Protein chains: 2
Amino acid sequence: MAARGRPREFDVDEALERAVDVFWRQGYEGTTLEDLTNAMSISRPSLYAAFGNKEGTFRQAIGRYARVEMSYIDAALAMPTARAVAEHYLRSNVVSITLPDRPRGCLSIQGGLSGHPTDQRIVDFLNESRGAGEARFVRRFQQAIDEGDLSASEDPAELARYLATVTAGLAVQASAGASRPDLARVAERALAAFPR
Amino acid sequence: MAARGRPREFDVDEALERAVDVFWRQGYEGTTLEDLTNAMSISRPSLYAAFGNKEGTFRQAIGRYARVEMSYIDAALAMPTARAVAEHYLRSNVVSITLPDRPRGCLSIQGGLSGHPTDQRIVDFLNESRGAGEARFVRRFQQAIDEGDLSASEDPAELARYLATVTAGLAVQASAGASRPDLARVAERALAAFPR
DNA sequence: ACCATTCTTGAACGTATGGTAAATAACGAC
DNA sequence: GTCGTTATTTACCATACGTTCAAGAATGGT
């Protein structure tokens with residue numbers, strides 16, 4: 001663990017936090033190296049040494065975003081019933097995508113829903129990331145059925161996809177400027193269609 | 001109406017149709033002039049003469065998309081009850097975003113949820129477009145209340161925003177590859193929370 | 001026949017882009 | 001103090017980008 005060579009003058013995680021912010025606001029293709037290095041207060045070669053390239057920076061930014069900004073998902077999945085999972089998920093999602101002094105919406109959606117063919121790997125990566133998140137809910141709802149807390153007539157995959165669809169929609173609305181109370185009402189209505 | 005000068009060798013609307021397709025797949029920032037002129041089979045100066053510039057082409061593409069691909073909204077709004085409006089809207093939306101041999105999802109969402117500051121006008125334009133669509137549903141639901149077909153205790157704006165949120169989420173799911181039957185199930189569940 | 005008008009073609013323009021080379025500076029090991 | 005190692009700085013590279021110019025070709029008006 002001996003740090004050989006000249007020590008880095010910036011904090012990698014702090015720089016990544018700035019990168020998250022820029023990608024969140026501008027998306028992958030809408031973010032230039034100059035935008036990144038300005039926001040991160042580091043030089044281009046420093047970015048390349050620390051993160052590989054623009055794509056590497058984005059992937060690590062997504063990782064940090066999932067770890068930090070989407071930690072409420074862990075809390076939601078830990079709720080005792082499927083219903084409580086859904087409630088906690090939607091309600092904290094609304095909070096997360098409408099935080100003051102933060103970009104509106106969700107990085108994993110705003111980052112790049114579509115893109116130039118040369119950036120297809122980014123689009124695929126984001127799709128897979130969201131799919132992985134959805135899969136956690138599938139497993140959680142299957143567990144709820146196994147535990148008898150959710151009717152066996154429900155389809156865990158359908159419920160997970162329903163919630164993922166609603167949160168995606170909420171993120172789009174938030175990015176367009178919808179207020180937190182408005183989105184909270186939408187979330188409550190969406191919960192009305194979730195089994196009790 | 002006399003057509004003076006050398007006549008155009010391509011059909012403007014047909015070219016716009018190709019532009020819709022490219023923007024739909026790749027988004028505004030992910031589409032280059034070369035992508036456009038290749039797909040439209042016209043030269044750069046021809047594009048500039050007919051559509052102004054890249055932004056103009058996009059705005060007109062959105063116009064054509066709204067007119068052609070989203071005409072089911074007119075049909076939905078013409079339904080006799082608020083409930084029927086919602087049902088027709090969500091069900092035909094699912095069909096529209098999962099058409100075979102067409103790009104998945106919705107141009108007005110995939111086109112540019114976020115972007116570089118220099119492209120902010122595009123993002124704003126798309127947000128406003130979607131907002132205008134939502135406003136049509138607000139008016140329709142207010143009319144439903146006036147006609148006594150929808151309970152006066154319902155909030156037209158909330159219902160419209162709820163539907164817009166669900167369709168946005170469906171579009172995100174479709175662009176990620178969700179199947180039509182899966183999305184149809186999600187839509188039916190979302191309808192369960194809509195007043196009868 | 002000639003002209004004004006409009007489109008097409010091909011080439012170019014200036015700039016911005018993602019990425020890198022070379023030289024220098026700060027550290028630990030010995 | 002010297003050496004290997006790693007970061008920083010500055011400058012640069014090749015390409016791709018959106019946009020436009022200049023010349024020629026096809027039409028209608030007179």
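All values derive from a computational prediction rather than experimental measurement. Every chain is numbered from 1 and lettered A, B, ... according to where its sequence line falls, protein lines coming before strand lines.
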TODO: Could you walk me through whether A/R18 and A/D21 pass salt bridge (charged side-chain N to carboxylate O under 4.0 Å, His left out), step by step?
DONE: CA-CA 5 Å; A/R18 312 289 187 86; A/D21 207 77; over 6 Å; no
Open item on the list: Near DNA chain C, counting only heavy atoms under 4.0 Å, which residues of residues 32-61 of chain B show up?
Closed with: B/S43, B/P45, B/S46
- [ ] Could you check how far CZ of B/R4 sits from P of D/dG28, rounded to whole Å?
- [x] 12 Å
Task: Donor-acceptor under 3.5 Å (B/R130 side chain, B/A164 main chain) - done: no
- [ ] Without swapping roles, check the side chain of A/R83 against the backbone of A/L191 for a donor-acceptor pair under 3.5 Å.
- [x] yes
Task: side-chain contact (heavy atoms from CB on, under 4.5 Å) involving A/A193 - partner list, sequence neighbours excluded - done: A/Y162, B/R189, B/A192, B/A193
TODO: Could you check whether A/T118 gets within reach of a base, just the sugar-phosphate, or nothing at all, counting any heavy atom under 4.0 Å?
DONE: nothing
Open item on the list: Taking the ring of B/F23 and the ring of B/Y65, is the distance between their centroids below 6.0 Å?
Closed with: no
Task: Given D/dC17, D/dA26, D/dT5, the nucleotide with the shortest approach to the side chain of B/R6 - done: D/dA26
Task: B/S96 and B/N93 side chains, donor-acceptor separation under 3.5 Å - done: no
TODO: Measure from NE2 on A/H116 to P on C/dT17 and round the result to the nearest Å.
DONE: 16 Å
Open item on the list: Can you classify the ring geometry of A/Y89 versus A/F137 as parallel (below 30°), tilted (30 to 60°) or perpendicular (above 60°)?
Closed with: tilted
Task: Check against salt bridge (charged side-chain N to carboxylate O under 4.0 Å, His left out), B/E69 and B/R64 - done: CA-CA 8 Å; B/E69 312 282 346; B/R64 194 197 137 93; 5.6 Å; no
TODO: Scan residues 7-24 of chain A against DNA chain C and write down, sorted by residue number, each residue with any heavy atom closer than 4.0 Å; if none is found, say none.
DONE: A/P7
